[in-house]
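Reviewing the structure listed below.
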Amino acid sequence: MAPPSEPTTARFRSGAGRLCLDFMRTLRLRGTDEATEELATARDLADWVAQLGPYPADTVVPVPDEAVLLRARALREAVHTLLTAARGEDGPAGCPSAERDLLNAAAAGATPAVRLDATGAAVHTAQDPVGAVLADIARDAVTLATSSALSRVRACSGPRCAAWFLDTSRPGNRRWCSMETCGNTSKKNTWRTRHTTGA
Ligand SMILES: [Zn+2]
């Protein structure tokens, strides 16, 4: 793992189009032999929140205790379970009750507060910056799972990428989580071998 980073260092991947999807990607290659935990320590979680949360760049995000880290990972997997169910035949009702309870408990938490400062900027703050972002993630997941945007959630076609993203392209035919990474790699390879890779 990289050493603790400056809050503004882009260490974690973003750009999935939804906070809950970016959070899901912190378990890389989920469901494969090569699954890699990016939130290995509580400091990793604080760094993720500093990078992807809504707070000003100079916000110091306190490192939470181990219990919060475990809860965050459980929440992340509940997000995956919910969205997997929601994309399936049963829809969001297919989310098992344990995961639903976990999501609901997190979603009930305080989210970041926003205020308009004198320069016209929206400034987000929270007493508990990590907990507030986890509440945001849970709400985002429930909202996404129950909205029409769900039909635009795709799995990246990159052969070594299990990331999901929200396809906001007008024709709805985006195939890669990111053109800079998976899209480029794919273009360098022959089109033929990628053509049938759906997920
Ligand atoms: Zn990808």
Side-chain angles (χ1 to χ4, degrees), residues 1-28 37-80 82-83 101-150 152-153 163-170 174 177-181:
M1 302 298 292
S5 57
E6 293 291 306
T8 50
T9 302
R11 167 181 159 198
F12 296 100
R13 294 165 307 160
S14 60
R18 295 290 288 235
L19 186 65
C20 67
L21 297 179
D22 279 331
F23 192 59
M24 254 177 58
R25 321 176 60 165
T26 60
L27 182 61
R28 295 183 93 114
E37 178 60 77
E38 291 186 338
L39 302 180
T41 67
R43 173 166 290 280
D44 295 331
L45 176 60
D47 288 347
W48 191 91
V49 167
Q51 186 191 321
L52 279 90
Y55 310 114
D58 59 354
T59 300
V60 175
V61 176
V63 175
D65 62 30
E66 201 68 15
V68 174
L69 173 65
L70 297 181
R71 222 171 59 222
R73 284 197 206 134
L75 172 64
R76 179 188 63 197
E77 297 317 299
V79 169
H80 179 255
L82 166 63
L83 294 180
D101 290 349
L102 212 154
L103 284 156
N104 286 343
T111 54
V114 64
R115 65 182 173 79
L116 183 67
D117 77 6
T119 71
V123 179
H124 291 83
T125 57
Q127 290 261 309
D128 170 11
V130 170
V133 163
L134 294 179
D136 256 353
I137 290 165
R139 291 182 191 202
D140 186 47
V142 171
T143 305
L144 178 59
T146 54
S147 76
S148 59
L150 184 71
R152 287 285 191 132
V153 173
W164 290 11
F165 62 91
L166 186 70
D167 180 3
T168 54
S169 71
R170 194 196 288 255
R174 182 176 150 190
C177 65
S178 148
M179 276 314 294
E180 287 77 54
T181 55

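Atom set for the values below is all heavy atoms of this structure, side chains included, hydrogens, waters and symmetry mates excluded.
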Practice task
Determine whether E77 and L27 make a side-chain contact, defined as any pair of heavy atoms from C-beta on separated by less than 4.5 Å.
Solution key: yes
Practice task
Mark yes or no for whether R73, through its side chain, and A40, through its backbone, hold a donor-acceptor pair below 3.5 Å.
Solution key: yes
Practice task
Flag the pair E37 / L39 as yes when at least one side-chain heavy-atom distance between them is below 4.5 Å, and no otherwise.
Solution key: yes
Fill in the blank from the handout: Tightest non-hydrogen contact, residues P62 and V130, listed as O-CG2, 4.0 Å
Problem - Minimum heavy-atom distance L45-A72, with the two atoms named - result: CD2-CB, 3.7 Å
Problem - R174 side chain to C177 backbone, donor-acceptor under 3.5 Å - result: yes
Practice task
Report the distance from atom CG of L144 to atom CD1 of I137, rounding to the nearest 0.5 Å.
Solution key: 13.0 Å
Problem - Approximate separation, where rounding is to 0.5 Å, of D47 CG and R11 CZ - result: 5.0 Å
Problem - P129 side chain near V60 side chain, heavy-atom distance below 4.5 Å - result: no
Practice task
Verify side-chain contact (heavy atoms from CB on, under 4.5 Å) between R28 and R13, making sure each step is shown before the conclusion.
Solution key: CA-CA 10 Å; R28 295 183 93 114; R13 294 165 307 160; 3.3 Å; yes
Problem - 4.5 Å side-chain heavy-atom contact, R25 and F165 - result: no
Practice task
Could you pull out all residues at least two apart from S169 that satisfy side-chain hydrogen bond (donor to acceptor under 3.5 Å, both in side chains)?
Solution key: D167
Practice task
Might you point out which heavy atoms bring A149 and L166 nearest each other, and give the distance in Å?
Solution key: O-CD1, 3.4 Å
Problem - Flag side-chain contact, heavy atom, 4.5 Å: V49 against P64 - result: no
Handout entry: Heavy-atom side-chain contact between V133 and Y55 under 4.5 Å
Key = yes
Handout entry: Heavy-atom closest pair, residues A135 and T111
Key = CB-CG2, 3.8 Å
Practice task
Please lay out, stage by stage, how V114 and V123 fare under the test side-chain contact (heavy atoms from CB on, under 4.5 Å).
Solution key: CA-CA 5 Å; V114 64; V123 179; over 6 Å; no
Problem - Residue pair L21, L83: steps toward the side-chain contact (heavy atoms from CB on, under 4.5 Å) verdict - result: CA-CA 10 Å; L21 297 179; L83 294 180; 3.6 Å; yes
Completion exercise
Nearest heavy-atom contact between A132 and P112 is O-CD, 3.4 Å
Exercise for the section: Indicate yes or no for a side-chain donor-acceptor contact from D22 to the backbone of A16 under 3.5 Å, with no hydrogens or angles considered. Expected result: yes
Exercise for the section: Please examine the side chains of V153 and L150, heavy atoms only from C-beta on, and report whether any two atoms are closer than 4.5 Å. Expected result: yes
Exercise for the section: Decide side-chain contact (heavy atoms from CB on, under 4.5 Å) for F23 and L52; before the verdict, give the C-alpha distance in whole Å, the side-chain angles of both, and the deciding distance to 0.1 Å. Expected result: CA-CA 9 Å; F23 192 59; L52 279 90; over 6 Å; no
Practice task
May I ask you to decide if F12's main-chain N or O and E38's side chain share a donor-acceptor pair within less than 3.5 Å?
Solution key: no
Problem - Any H124 side-chain heavy atom under 4.5 Å of T59 side chain - result: no
Practice task
Taking all heavy atoms of L69 and all of A42, pick out the closest pair and write down the distance.
Solution key: CD2-N, 3.6 Å
Handout entry: Under 3.5 Å donor-acceptor, R139 side chain and G109 backbone
Key = yes
Practice task
Tell me, please, which residues at least two apart from T41 pass side-chain hydrogen bond (donor to acceptor under 3.5 Å, both in side chains).
Solution key: D44
